[in-house]
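Report on one structure; see the data block that follows.
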Protein chains: 2
Amino acid sequence: MDVKTVCLGMLTDGPASGYDMKKCFESSFGHFFPAGYGSIYPALATLARNGLVEFEEVPQEGKPDRKVYTITEKGREELMKGLSNTSPTHKVRSEFLAMMCFAHLMSAEQIDEVIDNKLLELDAFLKLFDDIPTGQCQSMPNGARFVAGFGQFVASSLKTYIEEHRGMLTESDEEKIRAAAGR
Amino acid sequence: MDVKTVCLGMLTDGPASGYDMKKCFESSFGHFFPAGYGSIYPALATLARNGLVEFEEVPQEGKPDRKVYTITEKGREELMKGLSNTSPTHKVRSEFLAMMCFAHLMSAEQIDEVIDNKLLELDAFLKLFDDIPTGQCQSMPNGARFVAGFGQFVASSLKTYIEEHRGMLTESDEEKIRAAAGR
DNA sequence: ATGCATAGTATCAGTTTGATATATAAAAAC
DNA sequence: GTTTTTATATATCAAACTGATACTATGCAT
């Protein structure tokens, strides 16, 4: 399951251009499956070369032409193959956690700034969910609701953990012993 | 913060070979910052070329030679630069969530198998933490304890969410309406 | 005997990342 | 009133990463 498969999946919802798909990655998919122009355009080129999508060039006045892609029957079959993997991955790549492993090499001020920024980031992310009205939510496909709920739940879990345990990152050895004894 | 920086960080704990570092990625770092030979060896080669690490070839009987790397003063400075970024990333790339977005294109059996596998995977991951005795835990650096706790907390949160919400992935439209009404 | 695990090095094709280039128009900022 | 930013749309590139594979040699298990 790579960017190509996700593009095919997006096209089952109707024709779209590479630019449209980038928007879609930015607003939703990108939160758990990031992709930029550098992967989207090559993916569409490969899909077209293999006959999994077709495109039509649509001229526009005052704006660049659009290449509007449509999924083919062969593309639908390929998508089904992509969805038949019963052990899809779920990977994390976190500079944040790697950095925290080396917290003992950092100053308390540095650590606090990193933590504060991460909490702000999480708040900004959680705010996105406030805008989704319940009415619209019910019209969303089941899968999308599951995934949105997942994101919200995980983000608020992260926030809770960080808030409750940030203290241990900056506490001295003596404090550490005291904390362990008081437990 | 790339693989090079993490390698430098590992070397602050003492000299190590590329093979040793691969072990370290597999057992701990890899859970939140994956790296294989394909990134470790080129990283070490670049670090050596730039004088951030030095290495010594250690012959062994019956086994291939080891290249044992040591961090240099210049390497320590570079590491500090790497740790000075106050907004480190935390990215997720999830075939699992992407796939669940297209759950409406899948059969209930397919979805159930994917979910069951993901829950088994989470259980296997959570089991890793049972082996860490509390005594050893207290001797770990603060940062490592924070990160380990983070992983455990997030994994059990994921598990809870999936268990409690998997129903909505396979429920029919009528069930969906009934569930919404009963809420 | 044959396959697999461990110890160790390294490379390679295919992908992805993040930035950048190109072009025009409209909206916003100063 | 001019400059800057944002939006529309395409595409490419170096650097990095992924996942698999290759090579060598010992030992253990089936």
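The chains referred to below are lettered A, B, ... by the order of the sequence lines, with proteins before strands, and numbering in each begins at 1.
- A heavy atom lying under 4.0 Å from DNA chain C marks none of the residues of residues 8-16 of chain A.
- The pair A:D116-A:R166 counts as a salt bridge, with a side-chain nitrogen and a carboxylate oxygen less than 4.0 angstrom apart.
- Applying the 6.0 Å contact sphere to CD of A:E56 captures no more than 12 heavy atoms from other residues, nucleotides or ligands.
- You'll find the ring centres of A:F29 and B:F102 inside the 6.0 Å limit.
- Spacing between atom CD1 of B:I40 and atom C1' of D:dA20 amounts to 15 Å, rounded to whole angstrom units.
- Overall bending of the helix from C:dT2-D:dA29 to C:dC30-D:dG1, expressed as the angle between end axes built from five pairs apiece, is 30° (10° steps).
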In residues 146-158 of chain A, what donor-acceptor pairs under 3.5 Å come from side-chain atoms, sequence neighbours left out?
{"from": "A:S156", "atom 1": "OG", "to": "A:Q152", "atom 2": "O", "distance (Å)": "3.3"}
{"from": "A:S156", "atom 1": "OG", "to": "A:F153", "atom 2": "O", "distance (Å)": "3.2"}
{"from": "A:S157", "atom 1": "OG", "to": "A:F153", "atom 2": "O", "distance (Å)": "2.9"}
{"from": "A:S157", "atom 1": "OG", "to": "B:S157", "atom 2": "OG", "distance (Å)": "3.4"}

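- Shortest non-hydrogen contact noted between A:I115 and A:L169 is CD1-CD1, 3.7 Å.
- Salt bridge B:E77/B:K74: absent, no basic N to carboxylate O contact under 4.0 Å.
- Using a distance-only test at 3.5 Å, with no hydrogens or angles considered, no donor-acceptor pair links the side chain of A:T70 to the main chain of A:P15.
- Distance alone, capped at 3.5 Å, places no donor-acceptor pair between the A:E113 side chain and the A:Q110 backbone.
- Counting heavy atoms of neighbouring residues, nucleotides and ligands inside a 6.0 Å radius, atom CD of A:E26 exceeds 12 of them.
- Residues A:M21 and A:V68 do not share a hydrophobic cluster, defined by chaining ILVMFWY side chains whose heavy atoms lie under 4.5 Å apart.
- Remark: side-chain polar atoms of A:N50 are not paired, donor with acceptor, to backbone N or O of A:L52 under 3.5 angstrom.
- Checked by atom type and distance alone, the side chain of B:S28 pairs as donor or acceptor with a backbone atom of B:C24 at under 3.5 Å.
- Taking a heavy-atom distance under 4.0 Å as the criterion, the stretch of DNA chain C touched by chain A extends 5' to 3' from C:dT15 to C:dA25.
- A:L128 and B:V92 fall into different hydrophobic clusters, where Ile, Leu, Val, Met, Phe, Trp and Tyr are joined by side-chain heavy atoms under 4.5 Å apart, directly or via other members.
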Taking protein heavy atoms under 4.0 Å as touching, what does nucleotides 7-14 of chain D look like 5' to 3' if B marks base contact, S marks sugar-phosphate-only contact and - marks none?
SBBBBBB-
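- Side-chain heavy atoms closer than 4.5 Å link hydrophobic residues (I, L, V, M, F, W, Y) into clusters, and following such links, possibly through other members, connects B:M80 to B:V6.
- Within residues 80-95 of chain A, no residue has a heavy atom under 4.0 Å from DNA chain C.
- In the hydrophobic cluster analysis, where Ile, Leu, Val, Met, Phe, Trp and Tyr join through side-chain heavy atoms closer than 4.5 angstrom, A:M10 is grouped apart from A:Y37.
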